[in-house]
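Values in this document were obtained by computation on a predicted structure and should not be read as measured data. Every number for a ligand or one of its atoms is a count from 1 in the order of the listing.
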Amino acid sequence: MRVLGIETSCDETAVAIVEAPATGGPVGRILANVVYSQLTEHRRFGGVVPEIAARAHLERIDGLVMDALAEARLGLADLDGIAATGGPGLIGGVLVGVMTAKALAFAHDKPFLAINHLEGHALSARLTEDVDFPYLLLLVSGGHCQLLTVRGPDSQGGDFTRLGTTIDDAVGECFDKTAKLLGLGFPGGPAVEAAAKGGNPQRFALPRPMWRKPGCDFSFSGLKTAVRQTVEKLPAQDAQAVADLCASFQRTVGDVLADRCANALSLAPSATLVVAGGVAANVYLRGRLETLAAAHGARLVAPPIRFCTDNGAMIAWAGIERLRLGKTDGLDFRPRPRWPLDPSAAVRV
Ligand code: KG4
Ligand code: ZN
């Protein structure tokens with residue numbers, strides 16, 4: 001089956017077409033994958049402006065769908081489903097993607113699939129790697145930081161159990177804030193990673209919230225504050241100090257993520273640890289998690305870097321997993337600004 005996936009929940013307008021057998025397990029063929037990153041639209045504001053994002057998605061989406069079809073040398077009639085991120089995310093952007101997908105599905109009489117964006121990240125490892133259920137998932141992005149057990153593809157069917165989440169900020173947000181404070185630009189994650197390359201990771205002792213505490217929850221607000229206080233004391237124009245602070249910050253995040261994953265692997269032993277979401281693109285953090293997984297006799301699986309940040313291929317793949325279960329969504333689906341992966345977790349806390 002072939003599914004077209006649309007992703008518009010933040011600042012990437014992305015469309016992809018993925019092909020896979022109608023039954024079976026992991027690994028799909030990516031027939032097309034186009035991404036328009038709205039970096040230039042948002043850079044001068046130092047962050048994503050929701051209204052500008054929604055407008056930019058609207059301007060680009062039709063062209064990107066045409067580009068994806070051309071890249072795959074397919075017509076809409078050759079598709080078996082049209083998937084779009086249905087939430088969570090910036091609602092103006094989600095609306096653009098959902099309305100586009102619904103219109104295409106309706107006009108061409110194809111099934112419409114509303115995909116939870118986090119489920120897209122969660123299943124993305126299976127798009128390119130031979131990963132079977134169940135696995136432990138560390139989901140680290142701009143808006144989320146969670147540890148989950150994934151038993152199957154259907155988060156709404158109860159396949160996901162949340163072991164822990166952040167009690168304040170997301171880890172990607174912490175990277176973005178650090179970059180902003182240091183004047184490294186936007187988006188922050190790749191900038192901090194690049195600046196950390198020549199830095200001394202031991203120079204600054206930063207707090208490690210939740211480190212060595214029981215359970216699998218995270219906290220990053222104290223680290224954010226400590227970075228701000230350190231930046232205020234930094235000598236001006238000192239590139240080495242900036243590099244050292246980025247390296248120290250990254251090591252601290254690595255310590256915290258490794259510690260939380262170690263607890264999760266003890267509480268819910270798993271042969272596979274999957275890391276997904278934008279922050280999973282960080283090569284240093286991937287290395288730390290690889291070492292940690294090996295120490296627990298587990299294998300670390302991380303999607304290729306271009307499939308860590310937001311993309312349409314993960315939405316198309318989640319659509320394939322959903323279609324394989326025989327599930328589709330009605331054209332009355334309402335886009336959701338919030339949509340937890342484990343609906344029972346919110347009430348458990
Ligand atoms: O998954 P994603 O593209 O969008 C959300 O769903 O949030 O994640 C974006 C986040 C941003 O906070 C960005 O700074 C972070 O992922 N990120 C990184 C790296 N690349 C992107 N963080 C650390 N290191 C990176 N190389
Ligand atoms: Zn994302």
Enquirer: Measuring from atom 15 (C) of ligand 1, which candidate in Val171, Val48, Val279 has the nearest non-hydrogen atom?
Expert: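 Selected option, by shortest heavy-atom distance: Val279.
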
Enquirer: Using a strict cut-off of 4.0 Å, indicate which atoms of ligand 1 neighbour a heavy atom of His117.
Expert: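 Those atoms are 6 (O).
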
Enquirer: Tell me the protein heavy atom at minimum distance from atom 7 (O) of ligand 1, and give that distance in Å.
Expert: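 Protein heavy atom with the smallest distance to atom 7 (O) of ligand 1: Gly142 N, 2.8 Å.
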
Enquirer: Side chains of residues 18-34: which donor-acceptor pairs under 3.5 Å do they make with residues two or more places apart or in other chains?
Expert:
unit_1 : atom_1 : unit_2 : atom_2 : d
Glu19  : OE1    : Arg29  : NH1    : 3.0
Glu19  : OE2    : Arg2   : NE     : 2.9

Enquirer: Surrounding CZ of Arg336 (heavy atoms of other residues, nucleotides or ligands, distance under 6.0 Å), is the total greater than 12?
Expert: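 Above 12, so yes.
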
Enquirer: Please work out whether any backbone atom (N, CA, C, O) or any side-chain heavy atom from C-beta onward of Asp176 is under 4.0 Å from ligand 1, and answer side chain, backbone, both or neither.
Expert: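 It is the side chain that touches ligand 1; the backbone stays farther off.
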
Enquirer: Which atom names give the shortest non-hydrogen contact between Ile305 and Ala281, and what distance separates them?
Expert: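 Taking every non-hydrogen atom into account, CD1-O, 3.6 Å.
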
Enquirer: Looking only at protein heavy atoms, identify the closest one to atom 2 (P) of ligand 1 and say how far it is in Å.
Expert: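 Ranked first by proximity to atom 2 (P) of ligand 1 is Asp310 OD1, 3.3 Å.
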
Enquirer: Does ligand 1 have any atom that is closer than 4.0 Å to a heavy atom of Pro190?
Expert: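 Distance cut 4.0 Å: Pro190 passes for ligand 1.
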
Enquirer: At less than 4.0 angstrom from any non-hydrogen atom of Gly172, what atoms of ligand 1 do you find?
Expert: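 So the atoms of ligand 1 that pass are 12 (O).
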
Enquirer: How would you list all residue pairs meeting ring-ring contact (aromatic ring centres under 6.0 Å, His included) that involve residues 255-308, not counting sequence neighbours?
Expert: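 Matches after skipping sequence neighbours: none remain.
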
Enquirer: Working note: Cys10 + Glu12, criterion side-chain contact (heavy atoms from CB on, under 4.5 Å); need CA distance, chi angles, decisive distance, verdict.
Expert: CA-CA 6 Å; Cys10 193; Glu12 329 275 358; 5.9 Å; no

Enquirer: Looking only at heavy atoms, what is the nearest atom pair of Asp80 and Leu323, with distance?
Expert: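 Where Asp80 meets Leu323 most closely, the heavy atoms are O-CD1, 3.7 Å.
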
Enquirer: Using distance alone, with no hydrogens and no angle criterion, decide if Asp11 and His57 have a side-chain donor and acceptor under 3.5 Å apart.
Expert: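 Their side chains do not contain a donor-acceptor pair, so the 3.5 Å distance test is not met.
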
Enquirer: Relative to Phe133, does Arg151 satisfy both conditions: NZ or CZ under 6.0 angstrom from the six-membered ring centre, and within 45 degrees of the ring's axis?
Expert: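 Not flagged: Arg151 not positioned over aromatic ring of Phe133.
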
Enquirer: Can you list the protein N, O or S atoms less than 2.8 Å from the Zn ion (ligand 2)?
Expert: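 Listed by chain and number, the atoms are His117 NE2, His121 NE2, Asp310 OD1.
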
Enquirer: Students should be able to answer this: which protein heavy-atom is nearest to atom 22 (N) of ligand 1, and at what distance?
Expert: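 Answer for atom 22 (N) of ligand 1: Gly189 CA, 3.3 Å.
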
Enquirer: Consider every N or O of Pro187 and every N or O of ligand 1, then say whether any pair is closer than 3.5 Å.
Expert: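 By distance alone, the answer is no.
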
Enquirer: Linking I/L/V/M/F/W/Y whenever their side-chain heavy atoms sit closer than 4.5 Å, directly or via other members, would Leu113 and Leu341 fall into one cluster?
Expert: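 Yes, same cluster.
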
Enquirer: Looking only at distance, does Thr309 have an N or O less than 3.5 Å from an N or O of ligand 1?
Expert: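 N/O-N/O distance under 3.5 Å: no.
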
Enquirer: If you measure every N/O of Gly278 against every N/O of ligand 1, is any gap under 3.5 Å?
Expert: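 It does: an N or O of Gly278 is found under 3.5 Å from an N or O of ligand 1.
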
Enquirer: Should you measure from each heavy atom of Gly143, which atoms of ligand 1 turn up under 4.0 Å away?
Expert: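 Heavy-atom distances to Gly143 below 4.0 Å select 7 (O).
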
Enquirer: I'd like to know if the side chain of Gln250 pairs up with that of Asn282 as donor and acceptor (distance under 3.5 Å, no hydrogens or angles considered).
Expert: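 Present: a donor and an acceptor within the cut-off.
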
Enquirer: Enumerate, atom names and distances included, each donor-acceptor pair closer than 3.5 Å involving a side-chain atom of residues 255-262, sequence neighbours excluded.
Expert:
unit_1 : atom_1 : unit_2 : atom_2 : d
Asp255 : OD1    : Arg288 : NH1    : 3.1
Asp255 : OD1    : Arg288 : NH2    : 2.7
Asp255 : OD2    : Arg208 : NH1    : 2.8
Asp255 : OD2    : Arg251 : NH1    : 3.3
Asp259 : OD1    : Arg212 : N      : 3.4
Asp259 : OD2    : Arg212 : N      : 2.9
Arg260 : NH1    : Gly215 : O      : 3.2
Arg260 : NH1    : Asp217 : O      : 3.0
Arg260 : NH2    : Met210 : O      : 2.8
Arg260 : NH2    : Lys213 : O      : 2.5

Enquirer: Applying a strict 4.0 Å limit to heavy atoms, is Glu12 in contact with ligand 1?
Expert: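 Glu12: no contact with ligand 1 (<4.0 Å).
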
Enquirer: Got a sec: does the CD of Glu51 have more than 12 other heavy atoms crowding it under 6.0 Å?
Expert: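 Not buried by this count: 12 neighbours or fewer within 6.0 Å.
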
Enquirer: Is the side chain of Lys110 donor-acceptor paired with the backbone N or O of Gly81 at a distance under 3.5 Å, no angle test?
Expert: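 No: the side chain of Lys110 does not pair with the backbone of Gly81.
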
Enquirer: Quick check on His121 - does any of its heavy atoms sit under 4.0 Å from an atom of ligand 1?
Expert: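 A heavy atom of His121 does come that close to ligand 1.
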
